[in-house]
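Report on the following structure.
All residue numbers in this chain count up from 1 along the given sequence. Start at 1 and go down the list; that is how both ligands and their atoms are numbered.
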Amino acid sequence: MTQASLLDGKSIATAVEADVRKEVEKLAAQGITPGLVAVRVGADPASEVYVRNKARKATELGFRGTQEHHPAEIRQAELMAVIARLNADNEVDGILVQLPLPPHIDSEAVLRAIDPSKDVDGFHPVNVGLLHLGSAKLVPCTPAGVIRMLESTGESLRGKNAVVIGRSNIVGKPVAALLLQRDCTVTICHSRTRDLAAVASQADILIAAIGRPLFVTGEMIRPGAIVIDVGINRIEPDSEPARAIRDEGKLRALREGKSVLAGDVDFPAALERASWVTPVPGGVGPMTIAMLMQNTVIAARERRG
Ligand code: GUN
């Protein structure tokens with residue numbers, strides 16, 4: 001079999017962003033500038049990078065994109081007041097609270113406080129319910145990005161066996177719902193699944209969203225499968241996971257004492273067996289931000305258009 005084709009998240013994201021720009025122009029003709037506020041709490045270094053990238057992309061696409069940073073010690077009531085203020089601000093179309101929040105904060109209460117019409121993450125129970133009914137306007141960004149990547153292969157999804165590894169509220173559950181809506185036969189695997197490798201190896205579409213580096217090995221990949229790797233794991237030199245890395249470029253960086261990013265899939269194995277595979281970085285990551293931008297213009301159009 002020939003080597004798998006790469007699903008290039010950067011170029012697919014660029015196409016999504018071009019559509020978003022057109023929507024921004026249409027809204028501008030009505031005097032509307034979409035507004036996105038990304039709220040970050042505490043000093044999680046990964047969150048800092050994600051929020052900065054989201055706000056930067058929003059500005060680049062012609063939104064009012066701002067980030068708000070609050071100290072890790074913020075009290076629940078203060079954070080709820082932040083959300084109430086953003087809910088009341090008509091110029092704010094999208095509110096995103098970067099997760100994880102500090103342990104003393106009730107994250108679920110914060111997410112529930114966001115006006116569902118501004119919930120560009122699609123995490124509010126109203127939007128989760130609409131998603132499962134098949135009528136959501138605001139769909140969680142990473143799952144929406146995964147579907148967009150699958151569609152970009154040009155292959156029909158109807159009747160395909162889709163196996164999702166991971167059952168998080170952010171990725172596993174919503175991506176399963178979206179695959180079901182596209183007539184896939186969907187199986188969700190998790191830490192208690194018996195003989196996960198055997199289940200995974202039946203997949204025409206394999207979605208890895210576990211958060212464990214190189215969890216998906218070659219034997220779990222059915223020859224010809226489409227493999228979507230949602231994991232983003234930072235690997236330090238001389239660490240246990242570093243020993244499993246086989247990718248030449250990453251091995252070189254590790255030998256030079258640099259950390260690297262790796263997905264949940266053994267990428268060289270996927271290249272040998274799959275028909276399509278997403279790289280990490282440069283796969284699902286850029287799609288998540290692009291779909292957030294798309295959700296923000298949808299929110300602006302629905303609220304004010
Ligand atoms: N943390 C990890 N993924 C996400 C996401 O998609 N949205 C938010 N708000 N926080 C996250």
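- Taking distance alone, with nitrogen or oxygen atoms compared against 3.5 Å, Phe123 stays at or beyond that limit from ligand 1.
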Derivation and outcome, salt bridge (charged side-chain N to carboxylate O under 4.0 Å, His left out), residues Arg246 and Asp266: CA-CA 8 Å; Arg246 298 194 291 134; Asp266 179 358; 3.0 Å; yes
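- Here's the thing with Asp121: one of its N/O atoms is less than 3.5 angstrom from an N/O atom of ligand 1.
- Using a 4.0 Å cut-off to heavy atoms of Val97, the atoms of ligand 1 that qualify are 8 (C), 9 (N).
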Can you list, pair by pair, the side-chain donor-acceptor contacts under 3.5 Å of residues 34-48, counting residues two or more places apart and other chains?
| residue | atom | partner | partner atom | Å |
| --- | --- | --- | --- | --- |
| Arg40 | NH1 | Gly42 | O | 3.2 |
| Asp44 | OD2 | Ser47 | N | 3.0 |
| Asp44 | OD2 | Ser47 | OG | 2.8 |

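- In terms of hydrophobic clustering, with Ile, Leu, Val, Met, Phe, Trp and Tyr side chains grouped at heavy-atom distances under 4.5 Å, Ile210 and Val175 are assigned to different clusters.
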Candidate pair Lys160 and Asp204, rule salt bridge (charged side-chain N to carboxylate O under 4.0 Å, His left out), full reasoning: CA-CA 6 Å; Lys160 292 264 193 325; Asp204 303 309; over 6 Å; no
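- For atom 11 (C) of ligand 1, the closest non-hydrogen atom on the protein side is Gln98 NE2, 3.4 Å.
- For ligand 1, the polar-atom distance check against Leu99 finds a nitrogen or oxygen pair separated by under 3.5 Å.
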Salt bridge (charged side-chain N to carboxylate O under 4.0 Å, His left out) assessment of Glu256 paired with Arg252: CA-CA 6 Å; Glu256 290 167 5; Arg252 201 174 316 120; 5.9 Å; no
